[in-house]
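These notes are about the structure you will find just below.
These numbers come from the heavy atoms of this one structure, side chains and all, not from hydrogens, waters or symmetry mates. The structure displayed is predicted, hence computed values, not measured ones.
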2 protein chains.
Amino acid sequence: MTPPSSRSLDHPAREQIRLESVLHALSDPMRLLVVRALAEEGDEQACSVFELPVSKSTTTHHFRVLRESGVISQIYRGTAKMNSLRRDDLEALFPGLLGSVLTACSLQAERLAG
Amino acid sequence: MTPPSSRSLDHPAREQIRLESVLHALSDPMRLLVVRALAEEGDEQACSVFELPVSKSTTTHHFRVLRESGVISQIYRGTAKMNSLRRDDLEALFPGLLGSVLTACSLQAERLAG
DNA sequence: GTCAAACTACGATGGTTCTCGTACAATCAA
DNA sequence: TTGATTGTACGAGAACCATCGTAGTTTGAC
């Protein structure tokens, strides 16, 4: 696998993550799409694989909101930027929250489809 | 007890409640304060008992956001407007979500205090 | 060295939100 | 009826947010 690049990105430390910011990050449909995909498809996904129905610069914006709120971590690998859910940090700070949001996502998707 | 007044307020039906709107409603510190208090002190609390550190009109605004997102229900009783958490609806739509948010609230409050 | 791929930075725009103050409406108690 | 309590409506301002396009950077492949 491509090694991480020397370029680095600011992430909040675990104890700096705030519930309000996480809830805000999760309250946008595009960002919920990303979080869902990361949860289902696994970690270390490049930004480009998500194919959000918005422009590239808007996509960049949403990933930044997710990172700065503490929901995901990002590292560069070559030209790509790989995204992972910060499951452990979120579970330690807000037990059960990520799981219930993901469940709620799926239920709502079913409900709106069926 | 004072009977409900004839004045009525619009509430979304259960199936109209959207996860994104609920998360957005919960992503504000003032509104989290309200939800926490409703969960701890019980239902049917008047708006005035919360004593949020904002003006009355801002308080009205926050209660409206909570109601329109489906997080609380409101009825008039005399001059007061009583607020209740829509626990059953939220639990049916988003199982575990309210509980994990409330737990996260408490943990974060402890963490920031201690 | 060149080129394409992946992502960023910047500036802009239109919409939403949080906040306020003032003036008003509904209810109840005296 | 008068006054006090509770909350609303409205208008406004400042801040924030989602979105875009264009121009640029970093990297790896050829």
Fill in: Of the listed nucleotides D:dT19, C:dG21, D:dG7, the one nearest the side chain of B:K56
D:dG7
Worksheet item: Are any side-chain N or O atoms of B:E91 and backbone N or O atoms of B:G96, one a donor and one an acceptor, separated by less than 3.5 Å?
Response: yes
Discussion item. Can you tell me if A:R64 touches the phosphate of C:dA9, counting only side-chain N or O atoms and a distance under 4.0 Å to OP1 or OP2?
Written reply: yes
Worksheet item: Taking atom C1' of D:dT6 as reference, at what distance in whole Å does atom CG of B:L9 sit?
Response: 13 Å
Discussion item. Within the 4.0 Å heavy-atom criterion, would you say A:F63 contacts the bases, only the backbone, or no part of the nucleic acid?
Written reply: nothing
Item to complete: Give a yes or no on whether the backbone of B:E15 and the side-chain of A:R111 come within a donor-acceptor separation of less than 3.5 Å.
Response: yes
Discussion item. Ignoring hydrogens and geometry beyond distance, is a side-chain donor-acceptor pair present between A:N83 and A:Q45 at under 3.5 Å?
Written reply: no
Worksheet item: Choosing from D:dA18, D:dT6, C:dA9, which nucleotide comes nearest the side chain of B:A80?
Response: D:dT6
Worksheet entry | Short side-chain N/O contact from B:R7 to OP1 or OP2 of D:dG7, under 4.0 Å | no
Discussion item. Looking only at the side chains, is there a donor atom on one of A:S100 and B:S100 sitting less than 3.5 Å from an acceptor on the other?
Written reply: yes
Worksheet item: side-chain contact (heavy atoms from CB on, under 4.5 Å) between A:T59 and A:V34: does it pass, once the steps are laid out?
Response: CA-CA 10 Å; A:T59 300; A:V34 170; over 6 Å; no
Practice prompt. Give the B/S/- string for nucleotides 11-17 of chain D, one per nucleotide from 5' to 3', where a protein heavy atom under 4.0 Å of the base yields B, of only the sugar-phosphate yields S, and otherwise -.
Written response: ------S
Worksheet entry | DNA chain C: stems of at least 3 consecutive Watson-Crick or G-U pairs whose donor-acceptor distances fall under 3.5 Å | C:1-30 with D:1-30
Worksheet item: CZ of B:F50 versus C1' of D:dG7: gap in Å, rounded?
Response: 14 Å
Worksheet item: A:S48 near the nucleic acid: base, sugar-phosphate alone, or nothing, with a heavy-atom cut-off under 4.0 Å?
Response: sugar-phosphate
Practice prompt. Round to the nearest Å and state the distance from A:E20 atom CD to C:dT17 atom C1'.
Written response: 16 Å
Worksheet item: OP1, OP2 of D:dC20 versus side-chain N and O of A:S57: anything below 4.0 Å?
Response: no
Practice prompt. Give a yes or no answer on whether the side chain of A:Q74 reaches the backbone of A:L9 with a donor-acceptor pair at less than 3.5 Å.
Written response: no
Worksheet item: What is the distance from CE of B:M30 to C1' of C:dT19, rounded to the nearest Å?
Response: 11 Å
Worksheet item: Between atom CD1 in B:I72 and atom P in D:dG7, what is the gap in whole Å?
Response: 12 Å
Worksheet item: Does D:dT5 have OP1 or OP2 sitting under 4.0 Å from an N or O in the side chain of B:T79?
Response: no
Worksheet entry | Euclidean distance, A:R36 CZ relative to A:L85 CG, rounded to 0.5 Å | 13.0 Å
Worksheet item: Taking atom P of C:dC20 as reference, at what distance in whole Å does atom NE2 of B:H62 sit?
Response: 8 Å
Discussion item. If you only use heavy atoms from C-beta on, which nucleotide in D:dT27, C:dT19, C:dC7 is closest to the side chain of A:T60?
Written reply: C:dC7
Item to complete: Send over the distance from B:M82 CE to D:dT5 P, rounded to a whole Å.
Response: 18 Å
Response to the item:
A:R77 CZ to D:dT26 C1', in whole Å, measures 16 Å
Worksheet item: Is any side-chain heavy atom of A:L107 less than 4.5 Å from a side-chain heavy atom of B:L93?
Response: no
Practice prompt. Write out all pairs satisfying ring-ring contact (aromatic ring centres under 6.0 Å, His included) with one or both partners inside residues 36-91 of chain B, taking only residues at least two apart or from two chains.
Written response: B:F50-B:F63
Fill in: A:S73 and its side chain to side chain contact (heavy atoms under 4.5 Å, CB included) partner, picked from A:R67, A:E44, A:H11
A:H11
